[in-house]
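Structure, as structure tokens:
If you're wondering where the values come from, they're calculated on a predicted model, not measured in any experiment. The figures here come from the full heavy-atom set of this structure, side chains too, leaving out hydrogens, waters and symmetry mates. We're numbering straight along the sequence, starting at 1.
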Amino acid sequence: MASASTIKRTDSIADNIPSALKQSQMKRCFARYMEKGTRIWKIQELKNELEKVIDDKSEIDQVLDGYLGTMFSSVQEAVVTPPHVTFAVRPTPGYWEFVKVNSLDLSDVKQISSTDYLKLKEILTDENWSKDENALEVDFGAFEFSVPKLTMSSSIGNGLNFVSKFITAKLSGRVDNAQPLVDYLLSLEYQGEKLMINETLNTAAKLQMALIVAEAFLSDLPKDTPYQNLELRFKDWGFERGWGDTAQRAQETVRSLSEVLQAPDPQNLEKFFSKLPIISNVVIFSPHGYFGQSDVLGLPDTGGQVTRLIPDARGTKCNQEWEPIIGTKYSHILRVPFRTESGVLRRWISRFDVYPYLERFAQDVTSKIQDTMEGKPDLIIGNYSDGNLVASLVASKLGITQATIAHALEKTKYEDSDIKWKELDPKYHFSCQFMADTIAMNAADFIITSTYQEIAGSKERPGQYESHAAFTLPGLCRVVSGIDVFDPKFNIAAPGADQSVYFPCTETEKRFTSFHPAIEELLYSKVDNDEHIGYLADRKKPIIFSMARLDTVKNLTGLTEWYGKNKRLRNLVNLVIVGGFFDPSKSKDREEMAEIKKMHALIDKYQLKGQIRWIAAQSDRNRNGELYRCIADTKGAFVQPALYEAFGLTVIEAMNCGLPTFATNQGGPAEIIVDGVSGFHINPTNGDESSNKIADFFEKCMANPGHWNQFSADGLKRINECYTWKIYANKVLNMGSVYSFWKQLNKDQKQAKQRYIQAFYSLQFRNLVKNVPLASDETQQSESKPAGKPQQTPRHR
């Protein structure tokens with residue numbers, strides 16, 4: 001959060017609002033705000049009260065015309081502490097102002113700091129603590145004084161580009177300015193041996209001359225000359241083995257570095273770092289949950305590469321320490337159990353309950369990794385709160401470049417979960433989670449996100465990371481500077497889908513035809529059973545299809561209601577829903593149970609039998625991929641109606657399979673799809689508008705069959721240009737290379753901040769963990785030995 005107290009805005013709301021508040025109706029409006037006493041008001045509540053005071057629409061439009069309307073369109077919430085109303089105003093993503101208005105004198109308007117605003121919020125739950133001068137304030141931003149920041153909201157998430165520009169500016173000018181790069185190249189080693197250059201080339205001038213000699217030598221050699229044939233000559237000049245495995249590869253790397261030294265620019269810099277063989281061993285952490293390559297879909301919390309070994313594995317391979325990843329040569333899953341002094345934890349536990357085990361897990365896994373890799377990894381990536389915390393502990397201990405992937409930040413999922421943390425902590429242990437997230441964000445050298453909205457949200461809604469800019473846990477600590485979304489550590493790298501599973505329906509030779517009989521039964525059988533209920537009377541109709549968890553946010557019941565209400569849409573298409581159980585008693589989740597009951601009620605209310613097929617949650621990825629394609633064979637579409645979706649992997653999967661896609665405009669899908677070009681955005685809060693948009697599409701398809709083909713092709717084109725795992729992997733590796741150098745350039749600031757993080761972890765986080773109860777079924781287990789070690793990845797580029 002960049003507050004106006006730290007970044008001066010010429011159009012400050014606090015300076016301009018007093019004149020707008022002079023309108024007579026505003027006095028009555030503020031009086032209404034006072035009537036309910038001290039409380040937090042959300043934006044819609046504020047607008048509702050305004051409409052009660054002014055019941056004439058034209059008059060409201062007049063009042064909101066101008067600066068008052070500008071403020072109300074940007075307000076996120078307000079804290080009423082009579083006689084004052086303090087507005088949290090977000091005029092643009094990442095920038096906040098806090099405007100305090102005296103309801104007795106509307107000309108008395110002040111701008112206050114984010115710290116003072118947090119204190120006002122604290123009054124609601126712990127007034128004494130809010131007034132405690134010695135209350136703990138956490139300020140990670142105090143250590144950012146030497147790090148340059150982005151300034152425009154539109155630039156958020158473009159950290160690599162910004163860092164590359166800043167580095168090239170530092171390297172430009174006199175040849176001596178490139179000495180930090182020379183020192184970095186000298187520091188690079190592999191298994192104790194120099195990787196790029198040795199002490200012969202210890203200055204920028206020497207390196208520049210040697211590069212000229214090397215390029216001339218290489219230009220006379222056949223391109224496929226093995227590096228071994230030129231290794232001795234290169235070593236005499238001061239070069240080591242990391243330049244490439246052939247004369248051509250070595251020449252490309254030599255030329256790339258020469259360009260950086262002679263005329264630095266961001267593109268050349270990134271190109272050179274992409275050629276450095278400095279990231280070969282990567283560790284990805286996701287400790288909680290079930291993770292495997294089969295039999296885990298549908299089980300809680302599946303994901304990760306270095307993960308937890310679960311002895312009671314429920315028929316999965318999650319009790320195996322080593323598992324090669326299918327289709328790869330150098331990738332393995334390593335599982336390490338959760339342990340305490342009492343022994344190994346045998347059963348699965350919720351991601352909210354893992355915190356007492358993570359420090360010991362980090363210690364155990366550090367030694368396992370070093371033994372496996374016969375040294376340190378080059379890059380550590382965390383996933384989710386627990387994985388990111390473990391990554392922070394391991395990276396700090398080993399001195400390794402660290403990246404984090406939030407996956408999902410729980411703080412934004414539960415309204416006011418920070419100030420209400422004491423109510424929620426017994427169930428969710430949010431005090432541990434929010435602190436773990438904040439520690440990891442600040443410890444990371446770079447942060448990988450799927451979308452801009454994950455970082456900074458949209459014009460209307462703050463992002464997941466932005467919500468950690470400044471927040472308070474009353475009675476525990478006040479985080480006055482948690483994370484700055486303008487920090488150049490933020491990067492956007494959207495994941496892809498497995499294109500061996502999710503590929504276009506038109507690639508008939510690759511189709512998984514063995515699944516066709518089962519999918520035929522799944523879609524069209526008129527028998528109700530444990531896997532499907534309802535039936536499709538008219539098989540000639542296209543199918544609109546959605547697949548997700550059956551919870552409120554995913555909004556599958558919302559889609560069903562849209563369909564039930566829209567007769568035009570019902571005449572055009574059938575509806576297939578995949579998700580959840582049919583019997584609410586089979587679910588352990590109260591929200592899912594309610595959604596199951598609601599789905600049954602909607603089917604009855606709108607008499608949908610004959611037009612809807614409800615299929616239980618499916619766990620076979622290959623069959624799911626073919627199911628997408630079979631829906632495409634009907635000339636149907638995929639609909640993702642979520643109230644909010646952080647990324648939208650099913651959107652990627654559907655578009656990969658050639659399905660025209662309608663997806664929520666709230667969250668990641670709004671970035672994946674170019675509306676009206678590669679698919680369609682739908683408003684999940686306006687079912688009539690959304691269902692009519694879908695109906696319009698299918699009417700156009702009836703009139704012109706090429707219309708469906710066009711959106712199918714353009715959706716696939718969008719995926720191949722932006723959303724593949726190859727693109728993702730190249731981006732992440734390039735980030736790892738550049739940020740490793742960036743880390744060294746800012747090592748003094750990094751070390752100071754790391755000491756602050758370590759103190760916060762030891763003095764605060766460890767105490768919070770003691771409040772999380774241990775699971776009860778721990779029994780001592782002997783340690784298993786690994787079945788074998790993964791092969792080492794070659795270092796030649």
Side-chain angles (χ1 to χ4, degrees), residues 1-9 11-18 20-21 26 29-30 33-34 36-50 64 67-103 106 108-125 130 137 141 153 411-412 414-421 434 455-474 478-486:
M1 177 187 302
S3 69
S5 59
T6 58
I7 296 181
K8 183 64 178 175
R9 293 176 58 85
D11 56 343
S12 168
I13 288 174
D15 293 339
N16 289 278
I17 203 66
L21 292 175
M26 296 313 299
C29 182
F30 274 76
Y33 294 155
M34 294 301 108
K36 295 184 180 180
T38 302
R39 58 166 293 185
I40 294 177
W41 292 71
K42 301 303 178 184
I43 179 57
Q44 194 55 51
E45 295 175 310
L46 292 168
K47 290 180 177 178
N48 290 344
E49 290 300 312
L50 181 62
L64 294 179
Y67 223 88
L68 195 60
T70 301
M71 187 188 81
F72 266 91
S73 67
S74 304
V75 168
Q76 296 298 314
E77 64 181 17
V79 177
V80 174
T81 50
H84 295 98
V85 181
T86 306
F87 298 93
V89 188
R90 181 175 172 268
T92 188
Y95 285 106
W96 293 74
E97 287 188 44
F98 303 97
V99 181
K100 190 173 185 178
V101 181
N102 186 341
S103 64
L106 297 185
D108 181 10
V109 179
K110 297 176 182 176
Q111 182 175 294
I112 65 172
S113 68
S114 58
T115 302
D116 288 336
Y117 181 74
L118 293 177
K119 290 179 180 179
L120 292 176
K121 293 182 74 172
E122 292 159 3
I123 291 173
L124 278 71
T125 57
S130 72
E137 289 193 352
S153 297
K411 185 173 177 293
T412 54
Y414 301 82
E415 189 170 79
D416 296 329
S417 55
D418 47 3
I419 63 169
K420 294 178 180 177
W421 73 275
F434 297 170
I455 310 170
S458 60
K459 187 177 185 300
E460 297 79 20
R461 177 179 181 149
Q464 293 185 49
Y465 280 97
E466 190 178 359
S467 74
H468 292 75
F471 63 96
T472 183
L473 305 180
R478 182 183 303 126
V479 183
V480 298
S481 178
I483 193 69
D484 185 351
V485 295
F486 292 94

*Might you work through the side-chain contact (heavy atoms from CB on, under 4.5 Å) test for T115 and E137, ending with a clear yes or no?*
CA-CA 9 Å; T115 302; E137 289 193 352; 3.4 Å; yes
_Let me confirm one number: the CG-CD distance from L46 to Q44, rounded to the nearest 0.5 Å._
9.0 Å
*asked:* Return the NZ to OG1 distance between K110 and T86, rounded to the nearest 0.5 Å.
replied: 10.5 Å
_Short side-chain to backbone donor-acceptor contact, E466 and G94, under 3.5 Å_ = yes
_Just checking F486 against Y95, ring centres under 6.0 Å apart?_
yes
*Could you tell me whether E415 and K420 make a salt bridge, using a distance below 4.0 angstrom between a side-chain N and a carboxylate O?*
no
*Working to the nearest 0.5 Å, report the span between CG of L473 and OG of S417.*
8.5 Å
*Does any N or O in the side chain of S114 come within less than 3.5 Å of the main-chain N or O of A470, such that one atom is a donor and the other an acceptor?*
no
*Return the minimal non-hydrogen interatomic distance between P93 and S153, and the atom names on each side.*
O-OG, 2.5 Å
*Would you mind reporting whether V99 and Q111 have side-chain heavy atoms less than 4.5 Å apart?*
no
*Considering only heavy atoms from C-beta outward, does the side chain of E49 approach that of Y33 to under 4.5 Å?*
yes
*Where do Q76 and W96 land on the side-chain hydrogen bond (donor to acceptor under 3.5 Å, both in side chains) test, with the steps shown first?*
CA-CA 10 Å; Q76 296 298 314; W96 293 74; over 6 Å; no
*Is there a side-chain contact (heavy atoms from CB on, under 4.5 Å) between M71 and V75 once you walk through the steps?*
CA-CA 6 Å; M71 187 188 81; V75 168; 4.0 Å; yes
*Side-chain donor or acceptor of T412 paired with backbone N/O of Q464 under 3.5 Å*: no
*So, T472 side chain and R478 main chain: donor-acceptor pair closer than 3.5 Å or not?*
no
_Gap between atom CD1 of I483 and atom OH of Y465 - 0.5 Å precision_ = 8.5 Å
*Rounded distance [0.5 Å steps], CG in D108 versus NE2 in H84*: 5.5 Å
_Close side-chain approach of L106 and M26, heavy atoms under 4.5 Å_ = yes
_M34 and V80, any side-chain heavy atoms less than 4.5 Å apart_ = yes
*Does a side-chain heavy-atom distance below 4.5 Å link L124 with V79?*
yes
*Salt-bridge criterion met for K42 and D416 (N-O under 4.0 Å)*: yes
*Between R39 and E45, is there a side-chain N and carboxylate O pair less than 4.0 Å apart?*
yes
*Return yes if a side-chain donor-acceptor contact under 3.5 Å exists between T38 and T81, otherwise no.*
no
*Calculate, to the nearest 0.5 Å, the distance between atoms CD and CD1 belonging to E97 and I112 respectively.*
11.5 Å
*asked:* Using side-chain heavy atoms (C-beta onward) and a distance below 4.5 Å, is E122 in contact with I419?
replied: no
*Look at the aromatic rings of H468 and F471 and report parallel, tilted or perpendicular, splitting at 30° and 60°.*
perpendicular
*asked:* If I compare all heavy atoms of P91 with all of S74, which pair ends up nearest, and what's the gap?
replied: CA-OG, 3.7 Å
*asked:* Are the side chains of K121 and I40 in contact, using a 4.5 Å heavy-atom criterion?
replied: yes
*asked:* Does K100 qualify as a cation-pi partner of F87, given the criterion of NZ or CZ under 6.0 Å from the six-membered ring centre and within 45 degrees of its axis?
replied: no
